[in-house]
There are 2 protein chains.
Amino acid sequence: MDRMNTAPTSADPGEPHWLTDEEQRVWRAYIDATTLLEDHLDRQLQRDAGMPHVYYGLLVKLADAPERRLRMTELAMSAKITRSRLSHAVARLEKSGWVRREDCPSDKRGQFAVLTDEGLEMLARHAPGHVHAVRQAVFDRLTPEQQKSLGEIMRIVAEGLQPSEAGADLPWLR
Amino acid sequence: MDRMNTAPTSADPGEPHWLTDEEQRVWRAYIDATTLLEDHLDRQLQRDAGMPHVYYGLLVKLADAPERRLRMTELAMSAKITRSRLSHAVARLEKSGWVRREDCPSDKRGQFAVLTDEGLEMLARHAPGHVHAVRQAVFDRLTPEQQKSLGEIMRIVAEGLQPSEAGADLPWLR
DNA sequence: TGGTGGAAGTTGAGGATTCAAGTACACGAG
DNA sequence: CTCGTGTACTTGAATCCTCAACTTCCACCA
């Protein structure tokens with residue numbers, strides 16, 4: 001892959017503008033690290049707690065919520081996943097007994113996902129192992145400055161993708 | 001599910017040792033950013049090029065390799081995925097015509113994954129859009145210092161998980 | 001009131017991923 | 001030469017995720 005030309009195709013903005021060598025090194029390091037880490041955590045939780053990392057994250061969010069319950073849409077947004085994915089996930093977590101659905105009294109379309117007692121207990125049982133894995137893979141290896149820097153960087157990236165990332169680049173709104 | 005070695009779960013450390021509030025904020029920012037970014041890139045490539053981000057990454061690695069070919073195991077290691085996953089992936093990419101398999105002459109068990117001409121052309125066609133997406137989501141938002149920092153951090157994390165990550169936390173080696 | 005557009009959530013089909021097995025070959029020791 | 005162990009890769013089933021409908025219900029307004 002070598003190319004410095006300026007192919008048009010107005011669909012894509014401006015000229016190619018490739019990544020520099022240094023940027024490529026950063027990007028590959030990012031891909032490698034995130035791939036390895038997600039895989040590592042998935043395996044750890046699958047083995048110990050019998051569920052993928054995302055599912056575990058859902059339970060944690062429920063545990064932190066008032067009444068240990070959240071509306072489906074809230075939970076989905078909080079976890080940055082689609083409602084569809086959440087729907088499937090909750091169905092599975094319900095079968096495992098860690099989550100229960102409840103109708104929302106004020107909105108008949110609404111559903112609450114509620115963390116069950118078994119779910120909470122399961123979290124208590126496996127949280128230490130998970131925290132250990134995270135610590136070992138990430139925090140134990142970084143200096144305090146790097147940890148701070150990582151937080152800032154990730155916040156910036158997340159915010160850029162988060163809000164109405166659609167609206168931001170819709171021509172007629174500019 | 002097998003259960004050997006039910007010793008006092010040597011995997012779990014002594015006392016919990018939770019994340020501090022600040023560490024939790026960093027960790028959540030990381031999860032949010034990586035989830036959103038992966039999703040964003042997957043969608044972009046699925047829409048434009050008809051394949052998930054990982055598959056695209058495989059093609060890029062082949063394009064960068066001498067002869068545009070790599071042994072299956074090499075490719076899998078380079079992309080940080082399992083051989084099984086790669087096997088399925090290459091089967092799919094083969095059906096789409098972007099990749100072709102070739103027997104290895106020196107080792108009859110071996111297979112090469114080879115990027116086809118259509119695969120290369122496809123990359124040329126969609127690379128600008130992909131680079132643009134990456135740039136827009138990441139590099140355009142970070143200062144040069146942050147980019148450098150990100151690279152260092154990700155390299156550290158990747159290296160910690162990469163090598164014989166198993167051996168590193170095997171009790172009898174400590 | 002009754003109609004309409006949108007919000008909340010679910011569903012099913014098709015892809016993608018994982019895990020455990022399985023096939024085929026390589027290679028060194030006897 | 002052949003046995004045993006390990007490597008390279010594939011396969012199938014179960015699970016998970018995405019995408020595009022689809023159902024039900026809310027909110028608003030004329």
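These numbers come from a predicted model, not from an experiment. Chain identifiers are assigned alphabetically (A, B, ...) following the order of the sequence lines, protein sequences preceding nucleic acid strands; residue numbering begins at 1 within each chain.
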Donor-acceptor pair under 3.5 Å: do we get one between [X]'s side chain and the base of [N]?
X      : N      : answer
A:S84  : D:dC19 : yes
B:H88  : D:dG12 : yes
A:R109 : D:dT24 : no

To the nearest Å, give me how far apart [atom1] ([X]) and [atom2] ([N]) are.
X     : N      : atom1 : atom2 : answer
B:L41 : D:dT18 : CG    : C1'   : 16 Å
A:I81 : D:dC16 : CD1   : C1'   : 11 Å
A:H53 : D:dT15 : NE2   : C1'   : 18 Å
A:L86 : D:dC19 : CG    : P     : 16 Å
A:E38 : C:dA16 : CD    : P     : 17 Å
A:M77 : C:dA8  : CE    : C1'   : 12 Å
B:L45 : D:dC17 : CG    : P     : 20 Å
A:K95 : D:dT15 : NZ    : C1'   : 11 Å

I want to check one thing: is the phosphate of [N], taken as OP1 and OP2, less than 4.0 Å away from some side-chain N or O of [X]?
X      : N      : answer
B:R83  : D:dT7  : no
A:R85  : D:dC16 : no
B:R101 : D:dC9  : no
A:R47  : C:dC19 : no

Proximity to the side chain of [X] - top-ranked nucleotide from [options]:
X      : options                : result
A:R92  : D:dC9, D:dC16, C:dA16  : D:dC16
A:K108 : D:dC9, D:dC17, D:dC25  : D:dC25
B:T82  : C:dT18, D:dC17, C:dT17 : C:dT18
A:R71  : C:dG9, D:dC16, C:dT18  : C:dG9

Report task. Check the angle between the aromatic planes of B:W27 and A:F139 and answer parallel, tilted or perpendicular using the 30° and 60° thresholds. Result ->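 Ring orientation, 0 to 90° scale: perpendicular.
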Requested in this report: Scan A:F112 against the nucleic acid and name what it touches under 4.0 Å (heavy atoms): base, sugar-phosphate only, or nothing.
Outcome: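 Touches nothing.
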Query raised in the report: With a 4.5 Å heavy-atom cut-off, do B:H130 and B:L41 have their side chains touching?
Result: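 Side-chain contact under 4.5 Å: yes.
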Query - A:T20 versus A:E22, side-chain donor and acceptor atoms under 3.5 Å - result: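 Their side chains do not contain a donor-acceptor pair, so the 3.5 Å distance test is not met.
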Query raised in the report: Of all heavy-atom pairs between A:A49 and A:M122, which one has the smallest distance, and what is that distance?
Result: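 Where A:A49 meets A:M122 most closely, the heavy atoms are CB-CE, 3.5 Å.
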Requested in this report: Of all the heavy-atom pairs spanning B:R71 and B:C104, show the shortest one and how long it is.
Outcome: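 The answer is NH1-SG, 3.3 Å.
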**Report entry** First of A:D107 and B:Q46 reached from the 5' end of DNA chain C, by closest nucleotide
**Finding:**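 Between the two, 5'-proximity favours A:D107.
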Query - Most 5' of A:D39 and A:A91 on DNA chain C, judged by nearest nucleotide - result: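 Whichever sits nearer the 5' end wins; that is A:A91.
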Query raised in the report: Which comes earlier along DNA chain D counting from the 5' end, the contact point of B:E74 or that of A:A89, where each point is its nearest nucleotide?
Result: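 Closest to the 5' end, via its nearest nucleotide, is B:E74.
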Query raised in the report: Just how far is it from atom NE2 of A:H126 to atom CG of A:L45, taken to the nearest 0.5 Å?
Result: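 Output value for this atom pair is 9.0 Å.
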